[in-house]
Amino acid sequence: MFIPTDCPQRERRGWLADAYLASATCIYNFDMAGFYVNFLQQIADAQNKTSGAVAECAPFYGHGTEPADPAWGSAYTFFADIIATYYEDDRIFGTHYEGIKAHLDFLIKEAASGNMDGLLTYSLHGDWCPPQGCQYSDNHTNSALVSSYSYLQQLRLVARYANLLSRTQDSVKYARYAEQVSNAFNTHFYDPVAKTYREANRSRPTQFLGPQTCISLADNLGLIPSKDRDEVMNNLIHDVVVTNNMHLDVGIIGVKELLPELTKIGRVDIALSVVNTPTPPSWVYMLDQGATTLWETWTGSRYAPNASWNHIMYGSQGAWYYQTLAGINMAPQSRAWKQIVLFPKVYASASQVSICSELSYVRASVNTLRGVITSSWTCSPVIQSLNNGDMMISCPSGNIRRLQLVSTKDSIYSKCSTLHKEDFIQFYEKKCLGQSKCSVPNYKPCVGDISSS
């Protein structure tokens with residue numbers, strides 16, 4: 001197989017959005033370097049060389065649309081960055097720069113005609129296939145919020161790479177557009193009274209678009225006003241926990257950001273409860289129905305399917321298991337796993353509880369260019385009520401050179417252990433420094449608060 005395809009029995013197409021949304025999940029499980037370099041070239045080959053528009057599928061032979069929905073076409077830009085970041089390919093973005101630039105300039109022209117202060121209104125799929133169903137927009141106005149989200153991500157990304165490639169004028173140009181879109185995003189989508197994000201006055205028919213997607217995308221972009229962020233994120237929590245009774249209410253774009261955003265605000269407990277929910281819409285419901293692959297819709301059953309039984313488009317959560325539960329991440333600004341951060345989020349800092357009541361252990365490993373990274377932790381049944389346990393970490397291709405407890409507040413250390421702060425740090429260092437792997441206790445508020453490189 002040479003394309004990231006969907007179901008094997010019906011479409012068999014290389015949908016761009018499905019591919020990039022699940023890319024981190026794939027990278028944590030497989031060596032995707034050559035595969036994604038090949039797919040990126042297929043996207044380039046299918047590009048309209050006159051307009052710069054990208055097609056929704058690659059190879060493109062009439063299925064999907066051209067020009068692509070912006071959230072789908074953004075895969076061209078994202079895959080160049082993914083390959084450069086995870087596989088330290090210094091040439092890939094430069095190789096495709098002119099094509100990516102033509103694609104982005106096409107989107108800029110589209111945005112100029114949308115009459116929303118530079119926001120991108122062109123949208124076919126929106127947040128595709130939420131629990132309410134999959135609604136395509138024939139008039140191409142499904143969701144300006146979702147399209148503008150992907151558009152802004154690309155503007156920021158290309159501005160950064162243009163600077164690295166000494167394309168200074170391009171860098172300034174795209175940074176200026178990014179600032180314009182950022183301001184317009186809040187002007188048009190933020191409700192400062194209700195402290196939420198929504199897209200009003202949408203044409204019908206359109207895809208359902210609820211608070212879980214709108215708030216998650218806004219926070220991922222860093223656009224929520226700082227003075228209002230706590231209230232906005234509390235509204236996200238309320239929508240998940242109360243309005244939807246601990247169920248997700250997102251499509252394939254929103255689902256990629258929902259769990260990470262809940263985790264970011266210290267509510268990994270809620271994120272895990274969403275993952276473990278056994279009734280639809282949920283991943284566990286699919287599993288309980290006998291599924292061995294992810295479905296194309298959140299609803300239906302094994303005996304009365306609504307669509308395909310084999311689609312990767314809801315599969316972005318797989319990366320969250322590695323990054324959050326196992327805590328295996330590249331350090332910020334690092335590439336190709338040169339520096340790693342091992343920080344399992346076993347303790348929900350905002351609610352002051354651990355996730356041991358829902359998950360008793362995690363074992364994970366990632367085979368990287370520099371060797372295998374492993375992380376494991378347990379909540380012993382004997383001490384589970386105390387929210388304690390042990391964590392095993394290992395560093396590929398060498399020994400652990402640096403350990404840093406993420407929290408630096410004395411009050412946190414006093415909760416972690418009867419040891420004084422300095423003694424507590426020395427205890428961890430004595431256990432781990434100079435070793436290729438070590439096992440350390442994880443006290444209640446400090447589970448996983450270790451980084452290594």
Side-chain angles (χ1 to χ4, degrees), residues 4 19-41 43-44 74-101 104 153-168 170-171 174-175 178 220-222 256-257 260 264 316 318-324 326-344 364-375 393-404 406 436 450-453:
Y20 94 77
L21 290 169
S23 61
T25 292
C26 293
I27 287 169
Y28 271 87
N29 285 279
F30 308 103
D31 178 3
M32 302 299 295
F35 188 94
Y36 282 154
V37 168
N38 177 70
F39 187 58
L40 186 62
Q41 185 59 52
I43 297 173
S74 63
Y76 192 15
T77 308
F78 293 154
F79 270 121
D81 175 57
I82 288 165
I83 296 165
T85 301
Y86 280 97
Y87 299 106
E88 202 173 12
D89 189 324
D90 292 328
R91 298 177 298 175
I92 196 72
F93 216 99
T95 299
H96 289 275
Y97 182 79
E98 292 301 330
I100 291 171
K101 181 176 182 293
L104 193 53
Q153 285 182 306
Q154 292 178 85
L155 287 168
R156 291 174 173 177
L157 197 58
V158 178
R160 179 166 64 85
Y161 274 100
N163 184 59
L164 292 173
L165 294 168
S166 299
R167 305 289 290 264
T168 306
D170 286 348
S171 180
Y174 295 128
N220 179 258
L221 291 171
K256 182 177 184 294
E257 307 304 341
K264 189 190 299 182
S316 56
W320 181 83
Y321 301 152
Y322 284 94
Q323 295 166 343
T324 299
I328 302 174
N329 291 274
M330 276 194 293
Q333 311 306 318
S334 179
R335 299 172 68 207
W337 305 96
K338 285 184 176 179
Q339 289 85 37
I340 59 175
V341 174
L342 291 166
F343 185 6
S365 63
V366 180
N367 196 351
T368 76
L369 292 175
R370 290 178 164 79
V372 178
I373 304 170
T374 63
S375 174
I393 63 176
S394 72
C395 187
S397 304
N399 295 330
I400 298 170
R401 300 190 302 272
R402 178 177 59 86
L403 287 172
Q404 177 184 344
V406 174
S436 61
I450 300 174
S451 64
S452 68
S453 65

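Everything quoted here is computed from the prediction, not taken from an experiment. Numbers here simply count residues along the sequence, with the first being 1.
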K.L.:
About how many Å separate OG1 of Thr95 and CG of Leu40, when rounded to the nearest 0.5 Å?
P.N.:
9.0 Å
K.L.:
The criterion is ring pair (Phe, Tyr, Trp, His ring centres under 6.0 Å); which residues satisfy it with Tyr174, sequence neighbours excluded?
P.N.:
none
K.L.:
For Tyr322, enumerate each residue passing the side chain to side chain donor-acceptor pair (under 3.5 Å) test, keeping only those at least two apart in sequence or located in another chain.
P.N.:
Asn29
K.L.:
Could you state the interatomic distance from CD1 (Ile328) to CZ (Phe343), rounded to the nearest 0.5 Å?
P.N.:
14.5 Å
K.L.:
Please name the pair of heavy atoms, one in Ile83 and one in Val37, separated by the smallest distance, quoted to 0.1 Å.
P.N.:
CD1-N, 3.7 Å
K.L.:
Would you say the side-chain atoms of Ser334 pair up with the backbone N or O of Gln339, donor to acceptor, closer than 3.5 Å?
P.N.:
yes
K.L.:
Which heavy atom of Thr25 sits nearest to which heavy atom of Ser316, and what is that distance?
P.N.:
OG1-O, 3.4 Å
K.L.:
Return the CZ to CG distance between Arg335 and Asp89, rounded to the nearest 0.5 Å.
P.N.:
8.0 Å
K.L.:
Taking atom CG of Asp90 and atom CG of Leu165, what is their separation to the nearest 0.5 Å?
P.N.:
10.5 Å
K.L.:
Would you indicate whether the side-chain heavy atoms of Leu157 and Arg160 approach each other to under 4.5 Å?
P.N.:
yes
K.L.:
Do Leu104 and Thr77 come close enough that some side-chain heavy atom pair is under 4.5 Å?
P.N.:
no
K.L.:
State which residues pass side chain to side chain contact (heavy atoms under 4.5 Å, CB included) with Ala175; sequence neighbours excluded, sorted by chain then number.
P.N.:
Ala159
K.L.:
Sequence neighbours excluded, which residues qualify as side chain to side chain donor-acceptor pair (under 3.5 Å) partners of Ser74?
P.N.:
none
K.L.:
What is the minimum heavy-atom distance between Val366 and Trp337, and which atoms define it?
P.N.:
CG1-CZ2, 4.4 Å
K.L.:
Using the side chain to side chain contact (heavy atoms under 4.5 Å, CB included) criterion, which residues pair with Ala162? Sequence neighbours excluded.
P.N.:
Tyr97, Arg167, Asp170, Ser171
K.L.:
In chain order, what residues pass the side chain to side chain contact (heavy atoms under 4.5 Å, CB included) check against Ser23, with sequence neighbours excluded?
P.N.:
Tyr36, Phe79, Ile82
K.L.:
Could you pull out the closest heavy-atom pair between Pro332 and Val341, with the gap in Å?
P.N.:
CD-CG2, 4.4 Å
K.L.:
Report the residues that fulfil side chain to side chain donor-acceptor pair (under 3.5 Å) with Ser365, sequence neighbours left out, ordered by chain and then residue number.
P.N.:
none
K.L.:
Tell me the closest heavy-atom pair linking Tyr86 and Ala24, and the distance in Å.
P.N.:
OH-CB, 4.5 Å
K.L.:
Are Arg156 and Leu221 side-chain neighbours, meaning at least one heavy-atom pair lies under 4.5 Å?
P.N.:
yes
K.L.:
Not counting sequence neighbours, which residues clear ring pair (Phe, Tyr, Trp, His ring centres under 6.0 Å) with Phe78? List them please.
P.N.:
Tyr20
K.L.:
State the CG-CD1 distance between Asn329 and Ile373, to the nearest 0.5 angstrom.
P.N.:
9.5 Å
K.L.:
Does Thr85 reach the side chain of Met330, with side-chain heavy atoms less than 4.5 Å apart?
P.N.:
yes
K.L.:
Applying side chain to side chain contact (heavy atoms under 4.5 Å, CB included), can you list everything that pairs with Asn367, at least two apart in sequence or on another chain?
P.N.:
Val372
K.L.:
The criterion is salt bridge (Lys or Arg N to Asp or Glu O under 4.0 Å); which residues satisfy it with Lys264, sequence neighbours excluded?
P.N.:
Asp219, Glu261
K.L.:
For Glu88, check side chain to side chain donor-acceptor pair (under 3.5 Å) against everything at least two apart and list the hits.
P.N.:
Lys338, Arg370
K.L.:
So which atom in Ile100 and which in Ala80 form the shortest heavy-atom distance, rounded to 0.1 Å?
P.N.:
CD1-CB, 3.7 Å
K.L.:
So, using ring pair (Phe, Tyr, Trp, His ring centres under 6.0 Å) as the criterion, who are the partners of Phe93 when residues are at least two apart?
P.N.:
Tyr161
K.L.:
If only atom types and distance count, is the side chain of Tyr87 paired as donor or acceptor with the main-chain N or O of Met32 below 3.5 Å?
P.N.:
yes
K.L.:
For a 4.5 angstrom cut-off between non-hydrogen side-chain atoms, does Gln153 reach Asn220?
P.N.:
yes
